Amino acid sequence: MTGNPRSNDSGPLLSVEGLKQYYPVRGGILGGKIGDVRAVDGVTFSVEQGQTLGLVGESGCGKSTLGRAVMRLEDPTAGRVLFQGEDLANASGPELFRRRRDIQIIFQDPYSSLNPRMTVGEIVREPLLVHRMGTKKEQVKKVRDLLATVGLTGEMLDRYPHEFSGGQRQRIGIARALALDPKLVIADEPVSALDVSVQSQVLNLMVKLQRERNLTYIFISHDLSVVEYISDTIAIMYLGRIVEKGPVDRIFERPAHPYTRALIRAIPEPDPSRRKDAVPLQGEAPSPVSPPPGCAFHPRCPFAIEECRSAVPSLEPLGGTDGHRGAEHLAACIRKDEI
Amino acid sequence: MKTEHDLDPSPPVETVAPPLLEIEELRVGFDTEAGLLVAVDGVSLRGEAGQTLGLVGESGCGKSVTASSVLRLVPVPPGKFLGGRIRFEGKDILSMRRSELGRIRGKEISMIFQDPMTSLNPVFTVGRQLVEVLRLRFGMHRKEALERSAEMLSTVGIADARSHLGSYPHELSGGMKQRVIIAMALLCEPKLLIADEPTTALDVTIQAQILHLIKSLQRRTGAGILFITHDMGVVAEMCDEVAVMYAGRIVERGEVGEIFQRSRHPYTKGLLRSIPRKGVQRKAELPTIEGVVPSPLHLPAGCRFAERCWHRKDLSEGEQRRCFEEDPVLDGTRGVACHFPLVGGGA
């Protein structure tokens, strides 16, 4: 743990504090701003180096926007993104450019995230060119090493993305993301578009790379079984906010938020002897343009009481007896300790 | 005597009703620039009323082409039927006249697709599309049809159904659109429902609702369902019988519990093992199926899975040669197309 003297050894690699990402809603005769879409509405979390934070939620919950905001692909409305203690949310252009090396992203769709007119070699080398890393010879060698690392052969260098299967394309995307030796990789639904047999190959690769390179992942997914497998801690999002977070085993053994419970219960298990006969969670997530007052989940919540309609619950540690472990487990529900 | 007769539901042999759906040795191909691509290569299936038959496999295995063939929805050309039979209640679908097929489509057989916009017309309101279905199917009057449509929309879980009759498809969320399609499919009270990845594009909590809905409606109407999916969790949740497809063929079929607990084809077992599931150790290496599916334009001789087969490594050289040279056939009720099937153990 030598490395960067500016980094605080005991601190997390990344902390996000009160991050908000709003988009204006325009309307009326003059097309003026009539409201906000609160895609991310005050999110706080941190990730330790070498760990995986699983970011879970259904479409529209803000998990992808959050990933993009951490990378500063968006300009956050409010809040701080501290990477090794340095605030990216308010960083200037050159600072940001330098920091971008350390944070890379892998996208869900390996079909549309690779430039079809570039060869695999060019795609993987591009970040090295942009950041002027090494001589041409060094770059070429690095590209070959990277392809080998992700399980592709050197003869694939001159081929184009369309010649590859989905799983291979995702490997190319991973090789490119690793080109600059990042510390943090944001993986936005990296295996969702892949077939099951290929999905496990890519998951194995990601776990292996994390071990070998001490990589930190933010793994964004709607698939709870995949998140359970790869994450150390999990944050569950609903309508732009984190409703529960904590160590992965705690969340799965003792989910505290009614939404987390419903999510876990909704996963169809590959075991016909454990069919679900219970009536599933009803309704759909409300629009982030006009979120309901109070707890955003209350209209669907089987445990909702009068107070839930008005009080916005904050993310707080669970009460209970097991001290430290309990303190890492937080939920935003006023009834979290009774249900 | 009379009561005994009443208790025995099976009529004498001569008048046994034909199965609801019977697919025999179906072969479907597509003309491509690179030559004839055989997407479905000798598939046989049987679906019964009140039962759900799952057709599982990964992308390109031919499951959707098989499903679309039942209603002759495969575009011809470039598609072509190369052989086999599809019978619906004994009637031969492939040789049927268009007009006759038209009477079956959407009435006795309904289909739900992954993308609900495949079945919804963007320029008409939801109400108009539902009413149209009822008028065509039952010759119902507009007012009565509207009434029934609103009822069905609330049955499928659309709150404020009456006002949604006036909505256009684009005004609805993905889950709502899929509910409308299901409502449309069910208004016809079909005998056979073909569902092609109906929940794949939906969120898990919405998926759970839709699956629950399909199950409870099946209980009510006794429809047979052909359920196409790549998701083993959904198969376990929904199906009575399962057929697993690989590279255009069925490699294994049987009762759902058997398939999950005692998979005999190495491909089935490989698929089941590679899913991260409860109890799998975090970040432990997941079993995988190495390699990729063979291209349907260059199918290998012998077993199509042999190249990727993890079980083959346990075989002698002579046995392995047999895998590469001789086509395995699917046989028996508990069918498995493998020369050296697994003895059967948990996945």
Side-chain angles (χ1 to χ4, degrees), chain A residues 52 57-61 164-168 191 193-204 206-208 210-211 222-232 248-249 252 259 262-285 287 300, chain B residues 57-61 157 159 173-176 199 201-213 215 230-240 242 255-257 259-261 267 270-278 280-293 308 347:
Chain A
T52 303
E58 299 183 285
S59 39
C61 72
F164 294 89
S165 68
Q168 287 172 321
V191 298
L194 305 177
D195 272 324
V196 198
S197 70
V198 180
Q199 179 177 305
S200 56
Q201 294 172 7
V202 173
L203 288 174
N204 282 343
M206 288 188 67
V207 169
K208 184 187 91 155
Q210 178 166 53
R211 277 207 192 102
H222 69 283
D223 185 334
L224 273 172
S225 346
V226 170
V227 168
E228 179 180 15
Y229 165 76
I230 204 163
S231 306
D232 299 287
V248 64
D249 44 348
F252 277 87
Y259 177 63
L263 260 189
I264 293 176
R265 231 185 16 232
I267 319 170
E269 271 184 76
D271 181 352
S273 63
R274 305 182 60 165
R275 291 203 177 165
K276 301 167 180 53
D277 277 323
V279 176
L281 174 70
Q282 297 298 302
E284 300 190 19
S287 154
R300 299 174 78 186
Chain B
E58 299 183 286
S59 29
C61 71
S173 69
M176 298 251 272
T199 57
L202 304 176
D203 279 322
V204 270
T205 60
I206 309 299
Q207 165 170 287
Q209 294 170 12
I210 300 281
L211 296 181
H212 186 78
L213 178 67
K215 274 195 278 191
H230 70 283
D231 185 329
M232 289 306 230
V234 173
V235 174
E237 189 67 41
M238 297 296 289
C239 302
D240 302 297
V242 184
E255 189 266 323
V256 66
I259 294 282
F260 277 78
Q261 265 100 53
Y267 176 64
L271 264 191
L272 286 169
R273 283 196 311 198
S274 64
I275 314 170
R277 59 166 91 191
K278 278 199 182 118
V280 167
Q281 203 197 337
R282 195 147 35 91
K283 297 188 188 181
E285 191 167 345
L286 292 167
T288 59
I289 304 175
E290 292 307 321
V292 290
V293 182
R308 302 175 74 189

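It should be emphasised that the depicted structure is a prediction, and the values quoted were computed from it without experimental measurement. A note on names: the letters A, B, ... follow the listed sequences, proteins ahead of strands, and every chain is numbered from 1.
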Of the listed residues ([options]), which shares the most heavy-atom pairs with chain A below a 4.5 Å separation?
options: B:E290, B:E237, B:Q207; result: B:E237
options: B:Q209, B:M232, B:M238; result: B:Q209
options: B:S173, B:G291, B:S59; result: B:S59

Counting only heavy atoms not in B:R282, do more than 12 fall under 6.0 Å of its CZ?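 For B:R282, atom CZ is crowded (more than 12 foreign heavy atoms under 6.0 Å).
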
Under 4.5 Å from any heavy atom of chain B - which part of [X]:
X: A:R265; result: neither
X: A:D271; result: both
X: A:T52; result: both
X: A:Q201; result: both
X: A:D223; result: neither
X: A:L281; result: both
X: A:Q210; result: side chain
X: A:S165; result: side chain

Do [X] and [Y] make a side-chain contact, defined as non-hydrogen atoms from C-beta onward lying under 4.5 Å apart?
X: A:E58; Y: B:V204; value: yes
X: A:R275; Y: A:E269; value: no
X: B:T288; Y: A:S197; value: no

Go through it in stages, so that I can follow the logic: the residues are B:V256 and B:D240, the test is side chain to side chain contact (heavy atoms under 4.5 Å, CB included), and I'd like the CA-CA distance, side-chain angles, deciding distance and then a yes or no. CA-CA 5 Å; B:V256 66; B:D240 302 297; 5.7 Å; no

Tell me, for B:M176 versus chain A, whether the close heavy atoms (under 4.5 Å) come from the side chain, the backbone, both or neither.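 Its backbone and side chain both get close to chain A.
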
Taking side chain as everything from C-beta outward and backbone as N, CA, C, O, which of these in B:Q281 sits under 4.5 Å from a heavy atom of chain A? Side chain, backbone, both or neither.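 B:Q281 touches chain A through backbone heavy atoms alone.
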
List the atom of A:P270, the atom of B:I275, and the distance in Å for their closest heavy-atom pair.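 What the structure gives for the nearest pair is CB-CD1, 4.2 Å.
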
Over all atoms of both residues, closest heavy-atom pair of B:P276 and A:Y229: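 Residues B:P276 and A:Y229, closest heavy atoms: CB-CB, 3.8 Å.
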
Any idea which of A:G57, A:S231, A:S273 has the most non-hydrogen atom pairs under 4.5 angstrom with chain B?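 Top count of heavy-atom pairs under 4.5 Å with chain B: A:S231.
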
Heavy-atom pairs under 4.5 Å with chain B: which of A:G283, A:G60, A:S200 has the most?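 Result: the option with the highest number of such pairs is A:S200.
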
